[in-house]
Amino acid sequence: GTLRKISAEMTKEEKETLSKATAAWLERVRAPADGSCLPSLGVSDIPKEGFVEPTPVEVGTRLYHLPYATNGLVYIHGFIPLSKAAAAKLLATKIGGSDADQSLLKNTLLH
């Protein structure tokens, strides 16, 4: 095959260099990893106070703003029209974690 052809064309010195480089690479790859450089969290890093979900703020007809800190990124969530049967099924299912979520869903589906 191709490797045999390449090997046959290599000089003894090139083969020795390749062998040494391969051995050094294997030594690096097989060495235990130093975990001290990895970030870690402790119990003290967990805030004692809970996180409160922001309440959606209506900024226009069927347009809401959720005041999340996003480091300047803009997220857009869109909705697609659903049949009345699909909307009714969604409304009958409790989703989301708060009454504001349920209210937003109901308002969105009914308009």
Peer 1: To the closest 0.5 Å, what do you measure between CG (Leu18) and NZ (Lys20)?
Peer 2: 12.0 Å

Peer 1: Roughly how far, to the nearest 0.5 Å, is NZ of Lys12 from CD of Glu14?
Peer 2: 13.5 Å

Peer 1: So for atom NZ, which belongs to Lys15, do other residues, nucleotides or ligands contribute more than 12 heavy atoms lying within a distance under 6.0 Å?
Peer 2: yes

